[in-house]
Amino acid sequence: MGPAPNTETAVDGTTPVGVGGWLLVYLCGSIPYLLVHSAGLSGWFLDYALWLLGAIFLLLAFPLVLIPLKSPQAPRWNVVALWVVALVITLRAAAVPFNLETDGAAQRRNPEEWVAAIAILAAIVVGSLAWATIWTAYFRRSLRVRHTFGSR
């Protein structure tokens, strides 16, 4: 019986290293994802102020910068950021009915409008939690991540 197969190599026998494959998809897909969430969060605080949207985006996108730099901390910081964004946007969505500026509008809203608003908010929350779950699993199990960043 021969030696045990090397589980640290890809199917084609190569070792995936660097920003490519699904890691590149994550990096590119995270930019619009974070822009949308930054807009939602900036509206929670200051009625969608552009400077605040930019500041929130830069803060949330910082872990993405660690990926092309191949920082050993990139996987950990990206997983933390994924969950912070998902949980904060969930709080933001849950707070919508209680926002003071929407009290007058909320009283005039008919049940169908509430159903539509809740459906949109639920889709945002579910999408955020799914995005965080999928990419957390990827960062923890990927050979490319392991070889690129030297994580477990």
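Computed from heavy atoms alone, side chains included, the values below leave out hydrogens, waters and symmetry copies.
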Measure across [X] and [Y] and return the closest heavy-atom pair with its distance rounded to 0.1 Å.
{"X": "A93", "Y": "L121", "value": "O-CD1, 3.7 Å"}
{"X": "P75", "Y": "V145", "value": "CG-CG1, 3.7 Å"}
{"X": "S128", "Y": "A86", "value": "O-CB, 3.8 Å"}
{"X": "R146", "Y": "R140", "value": "NH2-O, 4.3 Å"}
{"X": "L66", "Y": "F149", "value": "O-CE2, 4.2 Å"}
{"X": "G40", "Y": "R92", "value": "O-NE, 2.7 Å"}

With hydrophobic residues grouped by side-chain heavy-atom distances under 4.5 Å, do [X] and [Y] end up in a single group?
{"X": "V36", "Y": "L27", "value": "no"}
{"X": "L60", "Y": "I31", "value": "yes"}
{"X": "L87", "Y": "L82", "value": "no"}
{"X": "F57", "Y": "L59", "value": "no"}
{"X": "F62", "Y": "V84", "value": "no"}

Kindly compute the distance separating [atom1] ([X]) from [atom2] ([Y]), expressed to the nearest 0.5 Å.
{"X": "L143", "Y": "T148", "atom1": "CG", "atom2": "OG1", "value": "10.0 Å"}
{"X": "L34", "Y": "L58", "atom1": "CG", "atom2": "CG", "value": "10.5 Å"}
{"X": "L129", "Y": "I134", "atom1": "CG", "atom2": "CD1", "value": "11.0 Å"}

Query raised in the report: Is S42 reaching over with its side chain to a backbone N or O of A39, donor-acceptor style, under 3.5 angstrom?
Result: yes
Query raised in the report: Are the side chain of R144 and the backbone of L23 linked by a donor-acceptor contact shorter than 3.5 Å?
Result: no
Query - Parallel, tilted or perpendicular, as decided by the 30° and 60° cut-offs, for the rings of W131 and Y33 - result: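 Answer is parallel, since the angle falls under 30°.
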Report task. For atom CG of L50, decide whether the heavy atoms of other residues, nucleotides or ligands shown that lie under 6.0 angstrom number more than 12. Result ->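 It does not: L50 CG has 12 such atoms or fewer within range.
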Requested in this report: Please say whether more than 12 non-hydrogen atoms of neighbouring residues, nucleotides or ligands are located less than 6.0 Å from CH2 in W77.
Outcome: no
Query raised in the report: Are the aromatic rings of Y138 and W22 close, with centres under 6.0 Å apart?
Result: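 Centroid distance Y138-W22: not below 6.0 Å, so no.
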Query raised in the report: Is any side-chain heavy atom of N78 closer than 4.5 Å to a side-chain heavy atom of W135?
Result: no
Report task. Give the C-alpha distance, both sets of side-chain angles, the deciding distance and a yes or no for side chain to side chain contact (heavy atoms under 4.5 Å, CB included) between T133 and W83. Result -> CA-CA 8 Å; T133 301; W83 287 102; 3.5 Å; yes
